[in-house]
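Below: one structure, written as structure tokens.
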2 protein chains.
Amino acid sequence: VKLADLTTPALLVEAEVLDANLRAMAAALPGARLRPHVKAHKCTALARRQAAFGHLGFTCATVREVEGMAAAGLGHDLLLANEVLDAHRLGGLDARVTVAVDSGETVEAAARGGVREVLIDVNVGLPRCGCAPEDAGRLAELARARGLGVRGVMGYEGHLMLAPEREKRAAGTEQAMERLARAHAAVGGEVVSAGGTGTFDLNRLATEIQAGSYALMDTAYAKLGLPFRPALSLLATVISVSPGYAVADCGLKALGMDHGAPAIDGARVWFCSDEHVTFAPDAALAVGARMRVWPAHVDPTVAYHERLFVVAGEEVLDVWPVDLRGW
Amino acid sequence: VKLADLTTPALLVEAEVLDANLRAMAAALPGARLRPHVKAHKCTALARRQAAFGHLGFTCATVREVEGMAAAGLGHDLLLANEVLDAHRLGGLDARVTVAVDSGETVEAAARGGVREVLIDVNVGLPRCGCAPEDAGRLAELARARGLGVRGVMGYEGHLMLAPEREKRAAGTEQAMERLARAHAAVGGEVVSAGGTGTFDLNRLATEIQAGSYALMDTAYAKLGLPFRPALSLLATVISVSPGYAVADCGLKALGMDHGAPAIDGARVWFCSDEHVTFAPDAALAVGARMRVWPAHVDPTVAYHERLFVVAGEEVLDVWPVDLRGW
């Protein structure tokens, strides 16, 4: 199958770039030092590539992702790095499942759901989930009293992930990890899980880094000067050309838009509609021409698509189902 | 099945509100005066309800939507209101299929693909698809010379759809339709297809209105004072509570974000992450509480979901697959 045969919009992964990204990360954070986050790609075939590079433990954001990873035989050590009340869906899986807890209610849900291990989720500066550092010890006691194994702590410094200056990411991560270290001292356990693509080489406390975006990348992460290159693009077809602008068949339903409009090489993007991107190309384009559109945010982009086409030049090497979508 | 049994996030449709919206529109634009746009809901079960209200012709945005509508037996009169090069997927369908064309290339694709009828798509002010009004007659001739039936013209005044003041929408629509009327005079044919939810009662030229959002609505359209109410919401679960804010399990992968963050009754929304919404509730909330989140843009929200739950109070009446997703 050739690129020219694909129905557009089609989500493409450059095989060579993906491999280079996986290789660079495995060199920096070998084996269990990285716990790849599957939320960025929602694809067990891609997770299998990550496992082949030596990372056997994975991070998930939803129960469905944990279920799918377990069903795919990738359940060696799955961390659901999120609070859930429907933990009963996790207890019976054929996998080692650890779930994040930050309240009495989520501890109780884990215990009742048959989950055996937890991490205490600590707020390290991002106003989202996670308990205050001073509550972490008490929660760990509560979890142990309910029969749960407490493997340690997690704390995601997500508010720093896209800070443009490396020094600010480093200093902010230092501060955030001071909070996590305090919590860890009170909780105990071997695991300190934290970090992401933007801080993968800056976080000195974490025993494991939860990076996910590094594999496919997007235009937001590409600005940070990281040793990973964009592997993900949308193949689109020019469907209309007018004086001063052109339109391709790739819009709001093919692209996560929370980080803004996508990029097109050799063009300024004006706006996206449901199924269109309107842009001003530097050079004339013909109706029917094929082109690449670079998403601004990898995670919600992939979540719109049924499959990833793994490509090398004009060849489609493989088709990977995006099989961890939904909830 | 009760609401309390659903896995969250779950996309809900209030049966009573949906029916009231469909009824109000059918009263304003009975039968063929409305050609409901399925892109807003991507759901043949919902389209079937619209057909039951008397609208037998439908508007589609993608080839997949046309294929799905034909397969569901809803192919009485399907308009693909978009330019496509892969028209060969349309020619063999068991349906009456009309496709929009705005260039020699799209005319040629339609003819070669076995499509029998077209509309000339005219740019009426939105910089997207559509030919200049002065080119419409020439394109119609070209299409007829290639053996295609030319049913008339279409021109979507999408740049006016969400203008806050009704007077501006009315005046802008008047201007836009002057362009379409000029094109129609040159093209001929019985169909003048245009309009949307924001101009459904303002467009005096169109023989048929392509509205879609009116059925489910969203917070953007809700600001316009139209006779349609929001029927679409996300059921979410509060998974974490901190001093001053709370977090529910409904984020960027459950919500189209191009119109901004969703709304929550009795709360100010701070931001969304992939699987979270962080918000400041007016009154204390407990972990495990269920709540409603109101999307800002219906179309790209529905496209993230596998199914719609049709509800009345705490009862789930029906489950409708979102079966027209993808391309």
Side-chain angles (χ1 to χ4, degrees), chain A residues 7-10 39-40 61-64 82-86 89 102-106 109 121 123 126-132 158 237 239-245 247 249 251-254 256-258 270-276 278 286-288 297 299-300 303-306 325-327, chain B residues 7-10 39-40 61-64 82-86 89 102-106 109 121 123 126-132 158 237 239-245 247 249 251-254 256-258 270-276 278 286-288 297 299-300 303-306 325-327:
Chain A
T7 295
T8 56
K39 80 182 174 76
T62 65
V63 174
R64 170 90 70 108
N82 200 2
E83 278 62 23
V84 290
L85 280 304
D86 50 353
R89 295 166 61 195
D102 72 352
S103 64
E105 291 89 341
T106 46
D121 188 4
N123 180 333
L126 174 70
R128 209 167 67 187
C129 301
C131 68
T237 303
I239 57 169
S240 184
V241 172
S242 290
Y245 64 89
V247 179
D249 61 352
L252 301 175
K253 290 171 180 168
M257 293 296 291
D258 60 297
W270 287 2
F271 66 95
C272 289
S273 315
D274 281 331
E275 301 287 355
H276 306 99
T278 296
V287 172
H297 193 180
D299 311 63
Y304 269 130
H305 293 265
E306 295 170 74
R325 303 196 297 165
W327 297 277
Chain B
T7 295
T8 56
K39 80 182 174 78
T62 65
V63 174
R64 171 91 68 111
N82 200 2
E83 278 62 25
V84 290
L85 279 304
D86 51 351
R89 296 166 61 196
D102 71 353
S103 65
E105 291 89 341
T106 46
D121 187 5
N123 180 332
L126 174 71
R128 209 167 67 186
C129 301
C131 68
T237 303
I239 58 169
S240 184
V241 172
S242 290
Y245 64 90
V247 179
D249 61 353
L252 302 175
K253 291 171 180 168
M257 294 295 291
D258 61 295
W270 286 3
F271 66 96
C272 289
S273 314
D274 280 331
E275 301 287 358
H276 306 98
T278 297
V287 172
H297 193 180
D299 311 63
Y304 268 129
H305 293 264
E306 296 170 74
R325 304 195 298 164
W327 297 276

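Keep in mind that what you see is a predicted model, and the values were worked out from it rather than measured. A note on names: the letters A, B, ... follow the listed sequences, proteins ahead of strands, and every chain is numbered from 1.
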**Asked** Where on A:P243 is there a heavy atom nearer than 4.5 Å to chain B: the side chain, the backbone, both, or neither?
**Response** neither
**Complete:** Interface check, chain B: of A:S273, A:A10, A:G326, most non-hydrogen pairs under 4.5 Å belong to A:S273
**Asked** At a heavy-atom separation under 4.5 Å, does B:A254 approach chain A through its side chain, its backbone, both, or neither?
**Response** both
**Item:** Under 4.5 Å from a heavy atom of chain B, the part of A:Y245 involved
**Value:** side chain
**Complete:** Separation between OG1 (B:T62) and CG (A:D249), nearest 0.5 Å, reads 10.5 Å
**Request:** Kindly compute the distance separating CG (A:L126) from OG1 (B:T278), expressed to the nearest 0.5 Å.
**Result:** 7.0 Å
**Complete:** For A:Y304 and B:G256 the tightest heavy-atom approach is OH-CA, 4.3 Å
**Request:** Please look at A:N123 and chain B and tell me whether the side chain, the backbone, both or neither of the residue comes under 4.5 angstrom of a heavy atom of that chain.
**Result:** side chain
**Prompt:** What part of A:R325 is in contact with chain B, defined as an atom under 4.5 angstrom from a non-hydrogen atom: side chain, backbone, both or neither?
**Reply:** both
**Request:** Could you tell me which non-hydrogen atom of A:P127 sits nearest to which non-hydrogen atom of B:F271, and how far apart they are?
**Result:** O-CZ, 3.4 Å
**Fill in**
Rounded to the nearest 0.5 angstrom, the CZ-OG1 distance for B:R89 and A:T7 is 4.5 Å
**Request:** Please flag which part of A:D86 lies under 4.5 Å from any non-hydrogen atom of chain B: side chain, backbone, both or neither.
**Result:** side chain
**Prompt:** What's the shortest heavy-atom distance between B:D102 and A:I239, and which atoms?
**Reply:** OD1-O, 4.0 Å
**Item:** Interatomic distance, A:D258 atom CG to B:L252 atom CG [nearest 0.5 angstrom]
**Value:** 4.5 Å
**Prompt:** Looking at CH2 of A:W327 and NE2 of B:H305, how far apart are the two atoms once the value is rounded to the nearest 0.5 Å?
**Reply:** 4.5 Å
**Greatest number of heavy atom pairs closer than 4.5 Å to chain B - which of A:M257, A:R64, A:H276** = A:H276
**Request:** Output yes when a side-chain donor or acceptor of B:K39 lies under 3.5 Å from a complementary backbone atom of A:E275, and no otherwise.
**Result:** no
**Complete:** Here the gap from A:T237 atom OG1 to B:L85 atom CG, rounded to the nearest 0.5 Å, amounts to 6.0 Å
